[in-house]
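These notes are about the structure you will find just below.
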Amino acid sequence: MRAAQSVCLICRHRLATKAAVQPRQWRAQLSSWPGASSAAGDGSVKAASTVQTVQNTTGLNSGDSGYARPERPAEVGRRTKPRTTPRPRGSNSKKTANVDVADLFRQIVDRPGTENNSPETEHANYINIKLVQDVGKLQDMLDAKAPISDAFKFLQTTLYPATQQEGIIVPKVFYTVASNLLHEVIHMKKEDSLNPDLPPTAEILGICAHLGEFRASDWLPLAGELVKYLCKMKTSADDYPSIEAFEDHLGTKNKIISDLVETWKVLSLPRPRPGKIRADASEILDGFWFPRLDKFAITKHARSNNFSLALSSLFPQHSPNQLGDKLSVLAIATLTLLIDGARSNTSSRRGALRFMTKVAHLIKATGVNEKALRKAIKITYPSIEGYVMGQWPKLEEYIDEVNRSSNPFGERQGSSTTSRAAKGSHDARYFEKKLSQAYVTRNWSEVDRLWQEFSGALVQSTADKTSTPNQSPHIFNSFINTYMALNKPDKAIEVWNTLPKCGLKPTLKTWNVMLDGCKKAQNLKGLTTVWQRLISSGAKLDMPIWVTRIAGLMECNDPAAAVMALEEMALLWREAQQKKNVHAAPLTIEPINAALSGLIRLNHHSAVQRLLAWAKEQGINPNIYTFNLLLRPLIIEGRDKEVEAIFKHMEALGINADPATFTVILEGTLNKLEAWDPQRQVEIVATIFDDMKEAGLEANHQNYGKMIHLLLRSGDRAQASVKAVLDHMWQQGLELSPHIYTSLVEHYFSRNPPDLETVNELIQRRRLLDYDDMDRIFYDRVIKGYAAAGDHETAFNIYRRLSSAGFLVNLDAQYELLHALLLADRRNDARDMVEDTVNRYAEHRGEGSWLGHRYWHTAERNGFIDWIPDVRGGKAVMRDPQ
């Protein structure tokens with residue numbers, strides 16, 4: 001690691017990026033969907049999917065060859081109202097149905113409500129009549145045996161886009177004609193997959209998916225033909241008679257590998273498909289709609305070495321019996337082709353990064369070996385055995401490398417989440433999660449309920465002589481910390497007094513969490529009292545508890561007391577060094593940083609300099625955390641000379657930047673991106689990642705989240721740079737964090753008008769309303785966004801689902817929803833919501849800042865409650881109306 005150069009790069013990047021930056025090719029392979037130019041042969045299709053686990057028995061995967069025909073969607077495209085009349089299923093025969101165009105006209109002209117049409121209605125009628133004419137034209141093309149490629153192009157570029165217009169009524173016969181055409185195209189594609197007159201496989205299957213005509217029985221042979229071609233093709237220039245012939249081969253190879261990647265994206269589409277893909281979502285996100293992997297299901301599949309069932313969890317909208325070993329072999333073969341530079345290209349690999357990492361993880365997790373793979377290939381696609389098995393050593397190397405750098409659940413190896421999943425931590429995780437939620441929502445009654453549940457389990461386990469509290473003493477600490485943070489010291493003492501009954505004793509960590517709770521509550525009196533009792537107990541103090549005390553005093557806005565505590569700690573340490581029989585915590589940089597952080601927050605700049613000078617007198621050198629604290633305000637304020645001086649000081653001390661340093665730098669650098677064009681933004685993003693790599697650092701979720709949040713402040717101009725950041729995330733095997741999803745939905749809600757369709761895409765993409773990996777802020781932003789945008793129906797449905805799952809929605813979000821429901825004259829729904837909220841908050845009629853919220857005033861004015869909040873003497877109390 002070259003510390004000096006990395007610091008120089010950081011400084012250079014921060015100071016207006018003065019050094020030249022070479023352009024980089026970060027453009028992901030983006031493409032248009034039906035209605036765009038037909039030259040875009042690798043159109044990207046995006047969708048969302050869900051996780052489900054099913055039974056399987058033999059080989060990589062067992063199952064019969066029967067394929068269930070998927071149901072068509074209830075509606076196609078965006079409509080003001082859902083379709084109520086079901087449309088007929090398309091014919092499964094090659095025979096084309098006869099269509100009476102007059103019937104089509106009657107479906108439009110004779111429908112009710114056509115009297116006194118407004119100009120907008122007349123325009124809609126014109127559009128519908130034109131649509132009827134186009135359906136008839138497509139039928140005429142089929143009847144006249146016109147080239148099938150021409151008919152498909154007409155469907156793709158003219159007819160299908162017309163069905164996607166706002167409020168359009170699609171004639172039922174459209175689906176029959178389109179189904180017949182698609183059946184014919186698929187049949188011809190199976191017969192001659194490389195026919196240049198036929199559209200790419202992904203385009204055909206993409207239209208099928210949008211119209212509810214997608215079948216796994218069609219996908220498998222079509223994808224199989226692409227894989228077989230790529231595996232068997234010759235890759236050396238010596239194998240071709242001329243340079244021109246070899247160049248033609250390279251062009252064909254690139255088209256086929258791109259088509260194969262896009263074909264996998266189509267397989268990940270959900271069923272039914274709810275409307276068209278928005279270009280905005282396509283530009284931001286990649287085309288794979290993978291669900292979150294269920295780590296418990298994957299663990300079960302790993303025990304049985306069942307790769308096929310594990311792989312099927314990526315495509316839960318299709319039964320594993322429909323996919324079988326063929327899908328498993330095609331996935332492994334596709335991964336093999338993508339890592340083979342002679343048969344792939346950089347663009348295709350970039351577009352398939354998430355697919356590659358997930359397949360590699362599942363291969364490793366389920367223990368696929370050479371023998372099992374060879375057997376599966378022989379019974380599915382024997383013609384590719386030689387190529388795939390010849391590449392097996394390289395494939396193993398790639399799989400090992402991927403699994404060293406990340407894991408299938410989007411977490412770094414050795415992360416706290418992984419360690420928490422260890423055996424025996426389930427109960428502890430449950431209480432930790434619930435306590436965290438209760439603290440955030442200030443719901444101390446929920447904390448009481450959790451304590452009763454936990455203490456009741458202790459009583460029962462003691463009676464059964466199966467006591468386990470010694471395995472989770474930190475749960476007691478969590479309750480003490482939460483109660484103190486909610487200003488409930490009596491309840492915290494009750495938990496404290498329970499410890500001896502369970503054979504446990506309060507430790508220094510128990511004292512520490514109690515002090516930390518006082519800090520969170522900004523309870524200066526409580527902090528002082530707990531510290532005095534700690535000293536009276538005779539416990540030997542350590543450095544962390546001093547840090548908590550000093551940080552707590554700063555949080556309680558008593559910097560003088562915090563500095564005095566630091567001096568007291570230094571005095572005790574000096575005495576301990578002189579009298580070797582006296583125990584004291586050593587004075588280190590950590591408590592100094594705690595004081596420094598508070599002084600910076602309080603803008604006591606002169607005190608900051610005095611503290612740094614005092615630390616130097618004590619022989620304490622700063623660490624990277626110290627420098628990060630100093631850098632942040634300087635970078636935000638644009639004090640470049642002082643920033644430069646700090647980096648030089650870091651270099652002199654041999655202190656290297658860490659991820660937090662880059663987070664600070666990002667905030668300063670990306671705040672200026674609005675002044676730069678999109679390509680320049682992409683170059684800056686690439687430079688940041690290069691600087692981090694040179695400093696020996698890997699970006700984490702915090703870095704990515706900060707970058708995306710800051711980039712999105714530039715508005716739509718940031719599309720390309722945001723996509724570059726997401727590409728880098730997926731290269732690391734990471735998924736989007738709740739913070740990133742929150743930034744994205746806020747960005748689309750903030751558009752004028754709000755872009756609700758793209759928000760819908762984001763929410764559907766990974767089933768974000770499953771409540772198991774999102775956070776409170778995300779849910780609040782989603783409800784507020786939909787309500788403020790006028791979509792009270794979606795906002796209310798999300799609220800009901802959250803409430804039924806036990807989630808307490810923030811009052812700010814509830815106010816926006818209540819206001820939207822009242823504007824829509826949905827008083828019954830508004831009353832139900834208020835009643836639910838009253839029940840959830842009923843136990844809180846004591847103290848709390850939430851009591852004066854305008855939500856309650858609005859509910860009272862509308863006659864939903866008979867009590868309103870009042871604020872007296874700085875304390876909120878509930879009172880009955882006069």
Side-chain angles (χ1 to χ4, degrees), residues 434 437-450 482-483 485-488 491 521-522 745-746 749-750 754 756 769 771 775-882:
K434 292 294 185 180
Q437 292 175 349
Y439 168 69
V440 168
T441 57
R442 319 300 293 177
N443 190 353
W444 55 262
S445 62
E446 171 67 3
V447 182
D448 281 346
R449 186 195 66 78
L450 290 169
T482 305
Y483 273 127
L486 293 175
N487 262 328
K488 299 295 177 184
K491 300 295 294 187
Q522 295 185 332
V745 298
E746 285 186 313
F749 277 133
S750 68
L756 300 186
L769 295 176
Y771 321 121
D775 62 357
R776 179 185 63 87
I777 295 176
F778 172 80
Y779 295 133
D780 291 342
R781 297 295 190 275
V782 168
I783 292 176
K784 287 178 66 175
Y786 276 118
D791 190 352
H792 50 80
E793 180 68 28
T794 300
F796 188 57
N797 287 338
I798 293 174
Y799 169 81
R800 286 191 297 189
R801 292 178 60 187
L802 288 167
S803 181
S804 63
F807 190 90
L808 189 62
V809 178
N810 181 276
L811 282 179
D812 286 336
Q814 289 203 49
Y815 171 78
E816 293 290 346
L817 177 54
L818 179 61
H819 184 66
L821 291 174
L822 291 172
L823 285 177
D825 199 27
R826 296 178 57 171
R827 294 187 61 83
N828 289 336
D829 289 334
R831 185 183 299 276
D832 290 343
M833 185 180 77
V834 172
E835 182 180 358
D836 178 65
T837 307
V838 168
N839 292 334
R840 304 289 295 279
Y841 281 87
E843 297 87 355
H844 293 264
R845 293 194 183 187
E847 301 177 4
S849 59
W850 61 269
L851 290 171
H853 199 281
R854 56 183 176 172
Y855 176 87
W856 306 112
H857 291 279
T858 303
E860 189 272 338
R861 284 198 304 271
N862 284 274
F864 298 146
I865 57 177
D866 59 358
W867 44 269
I868 58 175
D870 192 12
V871 179
R872 297 172 182 169
K875 182 179 293 186
V877 296
M878 301 305 296
R879 64 175 173 84
D880 293 328
Q882 299 296 327

Give the C-alpha distance, both sets of side-chain angles, the deciding distance and a yes or no for side chain to side chain contact (heavy atoms under 4.5 Å, CB included) between L811 and T837.
CA-CA 9 Å; L811 282 179; T837 307; 4.1 Å; yes

Might you point out which heavy atoms bring V838 and W856 nearest each other, and give the distance in Å?
CG2-CZ3, 3.9 Å

What are the two closest heavy atoms between A787 and A795, and how far apart are they?
N-CB, 3.8 Å

Out of H819, M833, E860, which residue meets the side-chain contact (heavy atoms from CB on, under 4.5 Å) rule with Y855?
M833

Side chain to side chain contact (heavy atoms under 4.5 Å, CB included) between I783 and F796: does it pass, once the steps are laid out?
CA-CA 8 Å; I783 292 176; F796 188 57; over 6 Å; no

Sequence neighbours excluded - salt bridge (Lys or Arg N to Asp or Glu O under 4.0 Å) pairs with any residue from residues 809-827
E793-R826, R826-D829

Any salt bridge (Lys or Arg N to Asp or Glu O under 4.0 Å) involving residues 777-786? Give me the pairs, sequence neighbours left out, ordered by first then second residue.
E746-R781, R776-D780

If you take the centroid of each ring, where Trp contributes its six-membered ring, are Y779 and Y799 closer together than 6.0 Å?
no

Tell me every residue that passes side-chain contact (heavy atoms from CB on, under 4.5 Å) with A830, counting only those two or more places apart in sequence or in another chain.
L818, L821, L822, F864

Apply salt bridge (charged side-chain N to carboxylate O under 4.0 Å, His left out) to K491 and list each qualifying residue two or more places apart in sequence or on a separate chain.
D448, E494

Those residues at least two apart in sequence (or on a different chain) that pass salt bridge (charged side-chain N to carboxylate O under 4.0 Å, His left out) with R831 are none

Supply the atom-to-atom distance T482 OG1 to L450 CG, rounded to the nearest 0.5 angstrom.
9.0 Å

